[in-house]
Amino acid sequence: MEKLRELSLSGDPVSSKQVADFEAATERGDVAKLLSMEKQILDVARTDLEFFGEVELLDLKRIQEDRNRCAHPSVNVSGEIFHPSPDLARSHIVHAIDHLLSFPPSHGKNALNRLLDDVRSDFFPTTVQKALEVLQHSPLARARKSLVRNFLIVLLKGVANDPDYKFTSRATCAIKAYAKINHQIFHETMRSEVTKIVRGLTDSEIDGALKILRIDALAWDGLAPDQRNRLVGFFENLRGYNLDSINDTCQIKELEEAANRCSMRLSVEDIRENLWFIVPPVIVDRLIHLYAVAHNFDQANIVAKTLIENVSDLTEANAVDIVRRGSENSQVTGSFDFPRLKNALLSRFPDSTDLRSALSNDLV
């Protein structure tokens, strides 16, 4: 009843009604009503409040039955009064603690909704360490395995296909934080659910699988073979706006080769078709290769233009590589935009001795 009182303070209607009925019956001295509530309280806690499952309900009902036998002594067919054995008493104590007393006063749906509301809040941390501090002081710290699993599954689905970047960022932090609290339940849930989640993603949503795979390096092992093949096939044939995913694809060991095969098939037109926020290293490498093997001035100029437009995403090593490899191709050295590209690279890395050396060699 104390758990119901605490839960009623949060506005739970079932708990509030049970507490009100109990207090009214106590005030009236209505013994029949109190006995009726005592008989029904475990069923209410199981069915309406979801405090525990069916197996736990059976154990708790056995405790209730044995308690009644002790409170109202009864005899068996041999005329002996019921005396529970020490082992039975210890078993009842363990079940009472494990099934009910050790958990905070929050039922399944209510606890899950509270946890999810916390993650959706704009005030939920966006760093794993801060999220860990929050979750360690939440109902999740001593929650039942079923609640934890449901919490993780809902967040994983959100990470995979929720368009709200802020929520997916907070959800990712929450998942990684819980992995530090109980890595065993986390890995069990990830391995058992990752295939179901990925299989439920459409082709337009499938890049959400990358977000899940980046959370846990072992998630790939939980994927069914058909979904592994689906991901490999999809990410080695990226085109258009989907190319945005290629950098994330490269960061997953099992998909890195697929990303590299994809980049090797890209033309400069494919690359220019995408609006890049930051050009990934694998795409930069592809542009440098296309520049080095340009077959005519037009091709060399279009690649040079693309490199100039994205010069801020190049590294010093990229710049040196462009000059050295480009200088070996007459279609590059004779192209109109090669001098413009060299000037852009020099402006980007004015203090690079390696770049100046490569530029000097190009003049020889």
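When reading the values below, keep in mind they use all heavy atoms of this one structure, side chains included, and skip hydrogens, waters and symmetry mates. In this chain, residues are counted from 1 in sequence order.
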- Query: Which distance, rounded to the nearest 0.5 Å, do you find between the CD of Glu236 and the CG of Leu255?
  - Reply: 10.0 Å

- Query: When you look at Arg90 and Asp87, which way does the salt bridge (charged side-chain N to carboxylate O under 4.0 Å, His left out) test go after all the steps?
  - Reply: CA-CA 5 Å; Arg90 283 191 288 268; Asp87 287 341; 2.5 Å; yes

- With salt bridge (charged side-chain N to carboxylate O under 4.0 Å, His left out) as the test, would you mind laying out the steps for Asp164 and Arg120 before giving the verdict? CA-CA 10 Å; Asp164 184 350; Arg120 291 190 182 100; over 6 Å; no

- Item | Cluster overlap Leu201 with Leu213, hydrophobic side-chain contacts below 4.5 Å | no

- Note on the structure: Closest non-hydrogen atoms of Pro125 and Cys173, given as atom of the first, atom of the second and distance, are O-CB, 4.2 Å

- Partner of Val159 under side chain to side chain contact (heavy atoms under 4.5 Å, CB included), chosen from Ile215, Val154, Ile197: Ile215

- Message: Can you confirm whether Ser263 sits close enough to Asp285 that some side-chain heavy atom of one is under 4.5 Å from a side-chain heavy atom of the other?
- Response: no

- Message: Less than 3.5 Å apart, any donor N or O on the side chain of Arg272 or Thr306 sitting next to an acceptor on the other?
- Response: yes

- Phe167 to Gly158 - nearest heavy-atom pair and separation: CE2-CA, 3.9 Å

- Query: Taking atom types as modelled and ignoring hydrogens, do the side chains of Asp270 and Ser267 form a donor-acceptor contact shorter than 3.5 angstrom?
  - Reply: yes

- Quick one: are Gln251 and Arg214 in side-chain contact, heavy atoms under 4.5 Å? yes

- Minimum heavy-atom separation for Phe338 to Val332, with atom names? CB-O, 3.3 Å

- Query: What is the minimum heavy-atom distance between Ala259 and Ile246, and which atoms define it?
  - Reply: O-CD1, 3.8 Å

- Message: If I take atom CZ from residue Arg230 and atom CZ from residue Phe235, how far apart are they, to the nearest 0.5 angstrom?
- Response: 9.0 Å

- Item | Main-chain N/O of Val279 paired with Asp313 side-chain donor or acceptor, under 3.5 Å | yes

- Any side-chain heavy-atom pair from Lys180 and Val128 closer than 4.5 angstrom? yes

- Task: Carefully, step by step, assess Phe277 and Asp244 under the rule side chain to side chain contact (heavy atoms under 4.5 Å, CB included).
- Result: CA-CA 9 Å; Phe277 182 69; Asp244 281 338; over 6 Å; no

- Task: Answer yes or no: are there more than 12 heavy-atom neighbours, outside Glu257 itself, under 6.0 Å from its atom CD?
- Result: no

- Task: Please round to the nearest 0.5 Å and tell me the distance separating atom CG of Asn237 and atom CZ of Arg265.
- Result: 5.0 Å

- Item | Separation of Arg261 CZ from Glu256 CD (nearest 0.5 Å) | 11.0 Å

- With the side chain counted from C-beta on, respond yes when Val323 and Ser327 share a heavy-atom pair under 4.5 Å apart, and no when they do not. yes

- Task: I would like to know whether Tyr178 and Leu155 meet side chain to side chain contact (heavy atoms under 4.5 Å, CB included); could you show each step before the answer?
- Result: CA-CA 11 Å; Tyr178 185 78; Leu155 291 186; over 6 Å; no

- Message: Could you see if Leu307 belongs to whatever hydrophobic cluster contains Phe297? Use Ile, Leu, Val, Met, Phe, Trp, Tyr and a side-chain cutoff under 4.5 Å.
- Response: no

- Would you indicate whether the side-chain heavy atoms of Leu345 and Val311 approach each other to under 4.5 Å? yes

- Note on the structure: For Gln299 and Ala294, the nearest pair of non-hydrogen atoms, with its separation, is OE1-CA, 3.6 Å

- Query: Can Asn318 and Thr315 be counted as having a side-chain donor-acceptor contact under 3.5 angstrom?
  - Reply: yes

- Asn301 and Ser335: which non-hydrogen atoms are nearest, and at how many Å? OD1-CB, 3.3 Å

- Message: Could you walk me through whether Lys196 and Glu193 satisfy the salt bridge (charged side-chain N to carboxylate O under 4.0 Å, His left out) test, starting with their C-alpha distance in whole Å, then the side-chain angles of each, then the deciding distance to 0.1 Å, before giving a yes or no?
- Response: CA-CA 5 Å; Lys196 300 175 187 176; Glu193 298 298 323; 3.5 Å; yes

- Rounded to the nearest 0.5 angstrom, the CD1-CZ distance for Ile185 and Arg149 is 9.5 Å

- Gap separating the CZ atom of Phe124 from the CG atom of Leu135, nearest 0.5 angstrom: 4.5 Å

- Item | Derivation and outcome, side chain to side chain contact (heavy atoms under 4.5 Å, CB included), residues Val282 and Asn247 | CA-CA 7 Å; Val282 67; Asn247 193 44; 5.6 Å; no

- Does the pair Asp118 and Arg170 meet the rule for a salt bridge (charged side-chain N to carboxylate O under 4.0 Å, His left out), with working shown? CA-CA 10 Å; Asp118 286 344; Arg170 292 190 291 267; over 6 Å; no

- Message: When you measure from the side chain of Ser347 to the backbone of Asn343, do you find a donor-acceptor pair of N or O atoms at a distance under 3.5 Å?
- Response: yes

- Query: Do Leu156 and Met190 have side-chain heavy atoms sitting under 4.5 Å apart?
  - Reply: yes

- Message: If you define the side chain from C-beta out and look only at heavy atoms, does anything of Arg191 sit under 4.5 Å from Asp216?
- Response: no

- Going through the checks in order, is the side chain to side chain contact (heavy atoms under 4.5 Å, CB included) test met by Ile271 and Trp276? CA-CA 9 Å; Ile271 295 172; Trp276 302 98; 3.7 Å; yes

- When you measure from the side chain of Gln227 to the backbone N and O of Ala224, does any donor-acceptor pair fall under 3.5 Å? no

- Are Thr189 and Val148 side-chain neighbours, meaning at least one heavy-atom pair lies under 4.5 Å? no

- Message: When you group the ILVMFWY residues by side-chain heavy-atom contacts below 4.5 Å and let the links chain together, are Ile153 and Leu115 in the same group?
- Response: no

- Message: For the backbone of Pro163 and the side chain of Thr168, can you confirm whether one donor and one acceptor N or O come within less than 3.5 Å of each other?
- Response: no

